[in-house]
Amino acid sequence: MIFPKIRVLHSHGRQAIPDLDAVELTSEFRGRPELTLTDDLAPVEQAAAVCPTGALTTQPFALDLGRCVFCGECARRAPRNIRFTNDYRIGSPTREGLVVRPGQQRVEFDPAAVRPEVRRCFGKALQLREVSAGGDASVEMELGATGNVNFDFGRYGVGFTASPRHADGVVVSGPVTANMAEALEICYEAVAEPKIVVACGTDACSGGLFAGSRALDRTFFERHAVDLWLPGAPTHPMIFIDGIRTLLGHKRRE
């Protein structure tokens, strides 16, 4: 009988988040950092000395989210100068846009940096092929969560497909190991034009903890332009959702 099943479904209530643009994450989430310039930057220098990826610099005082693993050690060592907020709106269409400086209240998203064909061709529907180019499965799990019953990103016409022939673009996760470089290139070439490229996660943005390793081959990013840079270790589903929706023109970053 269908009625018992309907009763069970009704008992579950509404699980999907009604408005993804109004989501506010827990205060414990480490998102956009706020940097404060003080007369004494000695604590910042100490924090920069232990930063595992060199994301924090003192000359000039800045924090590169594309290299940051969001461990929070810098905020613990220099609490007067560095504070992580729960703002997940940290994606950028340019790599330079991921560098946060003192007094900056948001990560800017320059619409002029978005290619016109991106919004013209994919504004109403976008299918992506995710390639784990040497990743540890953390970003991949978060990307999978974007389509679960809570976030239900598919309601906005965005999803993942198994075949690059059916995709509109490629989402790259992982630092791009030499063993995956050719496979990533083959996948990219299999996607029809026009197409987009998304670098998802700190490893993809900069190599992360593996930057400089002989096991990497990141020449893919030298040959192909990236349309959206999404930091995170791993990238929270809301970072991905906000970045994609802003890229497609569904929302503006105020």
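FYI, the numbering just counts along the sequence from 1. Computed from a predicted model, the values in this text were never measured in an experiment.
Residues Trp229 and Pro93 have side chains not in contact (no heavy-atom distance under 4.5 Å, counting atoms from C-beta outward). In this structure the side chain of Arg223 reaches within 4.5 angstrom of the side chain of Glu185, judged on heavy atoms. Side chains of Val198 and Val226 form no contact here, defined as non-hydrogen atoms less than 4.5 Å apart. Under the 4.5 Å side-chain criterion, counting only non-hydrogen atoms from C-beta, Cys187 is in contact with Val170. Contact of the Lys195 side chain with the Asp168 side chain is not registered, since no non-hydrogen atoms from C-beta on lie closer than 4.5 Å. At least one side-chain heavy atom of Arg119 sits under 4.5 Å from a side-chain heavy atom of Val114.
A donor-acceptor pair is defined here as one N or O able to donate and one able to accept, closer than 3.5 Å; no such pair exists between the side chain of Asp64 and the backbone of Val99. In this structure, Arg80 contributes its side chain and Leu37 its backbone to no donor-acceptor pair below 3.5 Å. With hydrogens and angles ignored, the 3.5 Å screen pairs a side-chain donor or acceptor of Arg106 with a backbone N or O of Arg253. The backbone N or O of Phe151 sits less than 3.5 Å from a side-chain atom of Arg155, completing a donor-acceptor pair.
Here Arg77 pairs with Glu73 in a salt bridge; the nearest charged N to carboxylate O distance falls below 4.0 Å. Salt bridge annotation for Asp227-Arg115: present, with a cationic side-chain nitrogen under 4.0 angstrom from a carboxylate oxygen.
Side-chain contact of Glu140 with Ser132: a donor-acceptor pair under 3.5 Å is present, judged by distance alone. Donor-acceptor pairing under 3.5 Å is recorded for the side chains of Glu130 and Ser173. No side-chain donor from either of Asn179 and Thr177 sits under 3.5 Å from a side-chain acceptor of the other. Using a 3.5 Å distance cut-off with no hydrogens or angles, the side chains of Ser138 and Asp136 do pair a donor with an acceptor. Side-chain N/O atoms of Thr36 and Asn81 include no donor and acceptor closer than 3.5 Å.
Placement of Leu63 and Val69 in two distinct hydrophobic clusters is found when ILVMFWY residues are connected by side-chain heavy-atom separations under 4.5 Å, directly or transitively. Val171 is connected to Phe220 through a chain of hydrophobic side-chain contacts under 4.5 Å among Ile, Leu, Val, Met, Phe, Trp and Tyr, so both are in one cluster. There is a path of hydrophobic side-chain contacts, each under 4.5 Å, that joins Val44 to Leu35. When hydrophobic clusters are built by joining Ile, Leu, Val, Met, Phe, Trp and Tyr residues whose side-chain heavy atoms come closer than 4.5 Å, directly or via intermediates, Val118 is grouped together with Phe221.
More than 12 heavy atoms of other residues, nucleotides or ligands sit less than 6.0 Å from atom CD of Glu189. Residue Asp39 qualifies as open at atom CG: its count of foreign heavy atoms under 6.0 Å is 12 or below. Enclosure of atom CD in Glu182 is not indicated, since only 12 or fewer non-hydrogen atoms of other residues, nucleotides or ligands lie within 6.0 angstrom.
Cation-pi geometry between Arg245 and Tyr156 is met: under 6.0 angstrom from the ring centre, within 45 degrees of the axis.
A ring-centre distance under 6.0 Å is not found for Phe70 and Tyr88. For an aromatic pair to be called close, the ring centres must be under 6.0 Å apart, and His236 with Phe240 fails this.
Scanning both residues, Ser92 and Leu98, for their nearest heavy atoms gives CB-CD2, 3.8 Å.
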